[in-house]
Amino acid sequence: MTVSSKGLLTHISQFWSMLDDLAENDPERYRNFIQQELKDGKQLCVNPEPQLCIQTKILKPNEKVLFINLCQWERIPAPQSATHPVPISVGRPEDSAEASDAYTIIDVAYNPGVLQAAEKDQGIKDQLIRMAMLCIEERLQFTLARSYHLTSFRLKGSIQRMKESLMGIKTDFPDFKTMTRTENTLARIRSSTVSEPSHLPEVLLTKKQASAKGRCLIEEISSSEIQVEVKKPAYELKVVKDQNKKPLKIELKVELPGMKSVSLCELSVSEVDILIEVSEMYRLCLNLPESINTEMTTAKFVKNKSVLIITMPLA
């Protein structure tokens with residue numbers, strides 16, 4: 001969209017004219033509007049606050065190290081209720097310019113109350129991280145590794161870069177932001193109402209969330225899936241080689257005592273890692289020593305020994 005100087009001046013003239021009319025004919029509504037504009041202006045300028053940074057991998061379309069900055073931002077609305085989705089904002093991916101150390105940075109923002117709740121519960125924190133990774137995959141058409149680890153730093157890059165990424169600011173269109181702000185303001189003066197932002201993508205957590213002020217996700221989580229501490233099962237991983245010592249496949253045996261049905265086990269395999277989860281009992285996430293062929297991977301459960309055997313031919 002292009003904006004002429006004449007058109008912009010017309011918008012500004014209309015803006016001041018409507019303000020004058022509102023101040024003269026309805027002083028109370030004028031005062032409420034100005035107060036709301038000041039409040040929104042303050043919220044618009046507030047910076048996102050980095051909370052944690054995770055490192056994982058982009059597998060497709062091109063393999064690369066990925067840093068995901070999780071931040072809290074007052075511009076992101078809180079969930080409306082326990083049954084509503086959790087709003088989430090995903091910034092544009094940015095590649096590093098360092099050829100010797102290539103990586104991508106993606107910023108993800110939640111409402112402050114959501115991340116504050118996650119600080120008190122590792123299960124919720126893991127859910128929010130998984131949610132962010134899933135959202136990145138769906139919106140950017142990436143395939144990510146299933147494993148990740150928390151870095152020792154809270155932010156990769158700068159606060160200003162994070163804010164610009166989340167807002168989608170393009171510095172080569174200086175008048176666009178001003179024009180959009182003016183048009184939005186004119187529309188709000190005409191209607192004299194204030195609407196909540198509705199443009200953010202939203203996703204649902206797998207658990208119920210509480211809608212209490214600033215404490216969503218905490219109060220209504222009573223499921224034993226979060227309260228029960230899952231264990232890391234015993235396992236044996238080996239690379240099977242041929243007579244010439246060429247690697248052929250990876251075999252993984254996992255001991256899962258107490259698992260009564262294979263339907264309780266969730267298995268997720270990528271080319272470089274594997275994730276095994278048994279509801280309320282076990283969780284195992286491993287990086288694989290070699291890249292595997294996921295389409296040829298097979299798994300079988302030996303019930304009398306409670307052992308899961310996974311065979312992964314190499315790519």
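Note that the numbering runs from 1 along the sequence shown for the chain.
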Exam field: side chain Thr294 to backbone Glu271, donor-acceptor pair closer than 3.5 Å: no
For a quick test of reading the model, state the closest non-hydrogen atom pair linking Cys135 to Ile88 and the distance between them. SG-CG2, 4.1 Å
Side chains of Phe142 and Ile106: closer than 4.5 Å at any heavy-atom pair? yes
Mark yes when over 12 heavy atoms from residues, nucleotides or ligands other than Lys64 sit less than 6.0 Å from its NZ; otherwise mark no. yes
Same cluster for Val269 and Leu275 if Ile/Leu/Val/Met/Phe/Trp/Tyr side chains link at under 4.5 Å? no
Is a side-chain N or O of Tyr282 found less than 3.5 angstrom from the main chain of Ala234, in a donor-acceptor match? no
What's the shortest heavy-atom distance between Glu137 and Arg146, and which atoms? OE2-NH1, 3.7 Å
Side-chain heavy atoms nearer than 4.5 Å, only ILVMFWY residues, links allowed to pass through others: does that put Ile54 and Leu128 together? yes
Tell me the closest heavy-atom pair linking Cys71 and Pro48, and the distance in Å. SG-CB, 3.6 Å
Is the side chain of Ser306 donor-acceptor paired with the backbone N or O of Val302 at a distance under 3.5 Å, no angle test? no
Interatomic spacing from CD in Gln51 to CD in Glu49 - rounded to 0.5 Å: 6.5 Å
CG (Asp242) and CG (Leu248) are apart, to the nearest 0.5 Å, by 4.5 Å
Under 3.5 Å, side chain of Thr151 to main-chain N/O of Cys53, donor-acceptor pair present? yes
Please tell me whether Leu52 and Leu134 are part of a single hydrophobic cluster in this structure, the criterion being side-chain heavy atoms less than 4.5 Å apart. no
Side chain to side chain, Ile124 and Val114, heavy atoms closer than 4.5 Å: no
Can you check whether Leu308 reaches Pro233 side chain to side chain, under 4.5 Å on heavy atoms? no
Side-chain heavy atoms of Glu164 within contact of Arg161, under 4.5 Å: no
Which heavy atom of Met296 sits nearest to which heavy atom of Pro313, and what is that distance? O-CD, 3.6 Å
Pro247 to Glu290 - nearest heavy-atom pair and separation: CG-OE2, 4.4 Å
Between Met281 and Leu256, does a side chain to side chain contact (heavy atoms under 4.5 Å, CB included) hold up when you go through it step by step? CA-CA 9 Å; Met281 299 177 68; Leu256 302 169; over 6 Å; no
Under 4.0 Å between a side-chain nitrogen and a carboxylate oxygen: does that hold for Glu94 and Arg92? yes
Is the shortest side-chain heavy-atom distance between Met312 and Leu252 below 4.5 Å? yes
Taking Glu63 for the side chain and Lys60 for the main chain, is one N or O donor matched with an acceptor at less than 3.5 Å? no
So, Tyr148 versus Asp273: side-chain donor-acceptor pair below 3.5 Å or not? no
Smallest separation among heavy atoms of Phe301 and Met259, with atom names: CE1-CE, 3.3 Å
Would a 4.5 Å heavy-atom cut-off, applied to side chains only, mark Ile309 and Glu251 as touching? no
Does the pair Glu236/Lys238 count as a salt bridge with the N-to-O cut at 4.0 Å? no
Would you compute the distance between atom CG of Leu70 and atom CE of Met131 and round it to the nearest 0.5 angstrom? 10.0 Å
Spacing of CD1 belonging to Ile310 relative to CG belonging to Leu267, to within rounding of 0.5 Å: 4.5 Å
Any donor-acceptor pair under 3.5 Å linking the side chain of Asn69 with the backbone of Leu155? no
Any sub-3.5 Å donor-acceptor pair from Thr143's side-chain atoms to Leu59's backbone N or O? no
Can Val272 be reached from Leu144 by stepping across I, L, V, M, F, W or Y side chains whose heavy atoms are under 4.5 Å apart? no
Distance, nearest 0.5 Å, that separates CG of Leu150 from CD1 of Ile68: 11.0 Å
Using only atom types and a distance under 3.5 Å, with no angle test, would you say the side chain of Thr56 pairs donor to acceptor with the backbone of Ser147? yes
Answer with yes or no whether the hydrophobic clustering places Val307 together with Leu284; edges join I, L, V, M, F, W, Y residues whose side-chain heavy atoms lie under 4.5 Å apart. no
Rounded to the nearest 0.5 Å, how far does CD1 of Ile276 lie from OH of Tyr235? 10.5 Å
Angle class for the Phe153/Phe67 ring planes (parallel below 30°, perpendicular above 60°, tilted otherwise)? tilted
